[in-house]
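To keep things clear, I will list the structure first and then write my remarks on it.
Keep in mind it's a predicted model, so treat the numbers as computed, not measured. Every number for a ligand or one of its atoms is a count from 1 in the order of the listing. Reckoned from all heavy atoms, side chains included, excluding hydrogens, waters and symmetry mates.
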Amino acid sequence: MKSVALLHASQLVTLAGPKRPRIGAEMSELAIIRDGGLLIRDGKIDIVGPSKEIAKQAKDAEIVDARGRVVLPGFVDAHTHLVFAGNRLGDFERRSRGETYEQIAKTGGGSWSTVEKTRAASDVDLLAQAKRHANWFLKCGTTTVEAKSGYGLAVEDELKILRVMQRLNQEFSLEIVPTFLGAHAIPRDRSPDKYVDLVINEMLPRVASEKLAEFCDIFCERGYFDIERSRKILTAAKELGLKLRMHVDQLANSGGAKLAAELGATTADHLEKTDEQGIAAMKTANVQSVLLPGSVYALGSTCYPRAREMIQAGLAVVLATDFNPGSSPTPSMPMVLSLACTQMKMSPPEAVTASTINAAYSLDRGDKIGSLEVGKVSNFTIFDCEDYRELAYWFGLPQAHAVYVKGEFVL
Ligand SMILES: [Zn+2]
């Protein structure tokens with residue numbers, strides 16, 4: 001039995017608490033232990049407490065000294081588009097020069113250019129690019145990510161992306177939670193209704209029978225998948241045993257949050273334009289809100305979601321990067337913490353709760369990861385700062401010192 005004793009963390013941010021997502025004032029309770037430590041046996045947390053007590057039990061354990069540094073559970077990023085080919089540097093420069101998204105999309109850019117590159121890439125090439133992205137997440141202190149397909153938009157291409165995730169999960173230390181997002185956009189060569197039929201009759205049955213995804217997601221917006229089409233696809237996904245996440249109310253308040261509540265979705269994501277009624281519906285149906293300030297920032301917008309109202313209403317708020325090549329090219333959860341605090345007026349402890357334990361519950365893994373408690377998988381990151389608030393305060397500065405997954409040093 002391999003054991004590791006982590007000792008002398010200036011702050012061991014445990015997030016110990018009730019065995020459910022945290023709401024309201026609970027989001028500010030991080031259960032910090034000063035000069036804290038962990039005893040890890042076979043990748044699981046065996047004891048959590050003051051270093052003195054851990055040292056007594058350490059015996060022949062390998063010692064990891066975290067003196068002068070904070071230790072947090074590995075970040076859990078509950079919304080990413082991890083697998084894609086290439087980048088969108090051309091779009092980025094054109095946007096910086098003042099062109100609009102519509103202009104860029106009409107003349108060879110936009111998400112369709114990523115679809116073309118992703119379709120053209122071999123699975124080996126796509127896996128190599130995905131590994132590079134996965135390494136970036138680890139470097140920022142993230143140990144679990146949800147990842148969506150959605151740059152294939154055809155049966156075999158969507159399956160190719162999901163199989164790349166499966167291999168990444170087997171070959172790399174970052175844990176991947178796969179989501180099928182075939183309904184990300186309507187491909188140029190299909191009518192909307194024909195594409196909805198393809199998703200329901202061909203893609204979803206294959207994804208479910210090959211067990212390639214745990215969740216099904218959709219881009220629910222006017223001009224993409226409206227409320228009726230979204231209901232149709234997600235109902236079919238639910239019948240096949242997939243849980244639901246949804247992109248809603250990013251461009252307009254089109255009733256997406258209410259549909260998430262009606263369908264019993266696990267999460268509704270984005271929510272930049274969601275109003276009080278949408279928030280109330282989500283609360284009633286226990287839908288978690290996933291906020292993505294990185295995409296608001298990178299698009300140069302100022303319309304952030306109403307995080308304070310959501311916390312006051314009792315939603316179990318989650319923060320995520322929305323990592324993707326077009327609107328949110330960042331894998332950095334510390335950057336998202338900074339945006340949450342400065343732009344959405346979440347407090348540092350609320351932001352940490354939203355990016356660890358609440359995110360873990362939104363991925364149905366709240367009993368395994370997201371906090372440093374006895375019996376949980378020992379995924380944690382040691383940061384080069386003495387106070388966890390420094391993670392959101394010094395922005396643009398990499399502070400991860402060492403990352404551990406299942407008790408093993410990975411970076
Ligand atoms: Zn997204």
Side-chain angles (χ1 to χ4, degrees), residues 75-85 87-88 91 101 105 110-115 118 130 133 136-137 142 144-153 158 161-162 165 176-186 199 213-225 230 233-234 237 242-252 254 256-257 259-260 265-274 287-299 301 303-305 317-333 335-336 339-340 354-355 359 362-363:
F75 288 124
V76 178
D77 193 337
H79 184 136
T80 85
H81 305 252
L82 177 91
V83 181
F84 55 85
N87 59 48
R88 297 254 283 282
D91 294 10
Y101 189 87
S111 61
W112 187 249
S113 65
T114 299
V115 171
T118 305
H133 302 156
W136 291 343
F137 282 93
T142 298
T144 302
V145 303
E146 182 262 10
K148 305 172 195 298
S149 67
Y151 291 118
L153 306 185
E158 284 294 311
I161 295 168
L162 291 168
M165 290 179 198
I176 313 280
V177 181
T179 293
F180 168 64
L181 178 57
H184 192 192
I186 294 154
V199 171
E214 291 181 32
F215 292 91
C216 178
D217 195 342
I218 195 160
F219 195 75
C220 174
E221 292 281 348
R222 254 176 240 137
Y224 292 83
F225 297 89
S230 297
I233 289 174
L234 295 174
L242 291 162
K243 294 166 279 185
L244 310 181
R245 319 180 81 77
M246 295 172 64
H247 286 67
V248 302
D249 301 343
Q250 180 188 7
L251 310 175
S254 54
L259 181 65
T266 306
T267 69
D269 305 33
H270 273 294
L271 305 163
E272 283 89 330
K273 301 278 162 61
T274 302
V287 180
Q288 284 192 259
S289 56
V290 181
L291 309 184
L292 311 165
S295 61
V296 181
Y297 166 79
L299 288 171
S301 162
C303 182
Y304 287 89
V317 172
V318 175
L319 285 167
T321 60
D322 193 19
F323 174 72
N324 77 76
S327 61
S328 193
T330 181
S332 170
M333 200 59 95
M335 179 67 196
V336 168
L339 291 169
S355 54
S362 86
L363 297 178

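- For the atom pair CG of Leu339 and OH of Tyr304, the computed distance is 5.0 Å after rounding to the nearest 0.5 Å.
- The tally of protein N/O/S atoms under 2.8 Å from the Zn ion (ligand 1) stands at 4.
- No donor-acceptor pair closer than 3.5 Å links the side chain of Glu272 to the backbone N or O of Pro305.
- To the nearest 0.5 Å, atoms CG (Asp269) and OG (Ser362) are separated by 8.0 Å.
- A distance-only check finds a donor-acceptor pair linking the side chain of Asp249 to the backbone of Gly256 [under 3.5 Å].
- Taking the six-membered ring for Trp and thresholds of 30 and 60 degrees, Phe323 and Phe84 have ring planes inclined between 30 and 60 degrees apart.
- Evaluation of the side chain to side chain donor-acceptor pair (under 3.5 Å) rule for Asp77 yields Thr321 as partners, not counting sequence neighbours.
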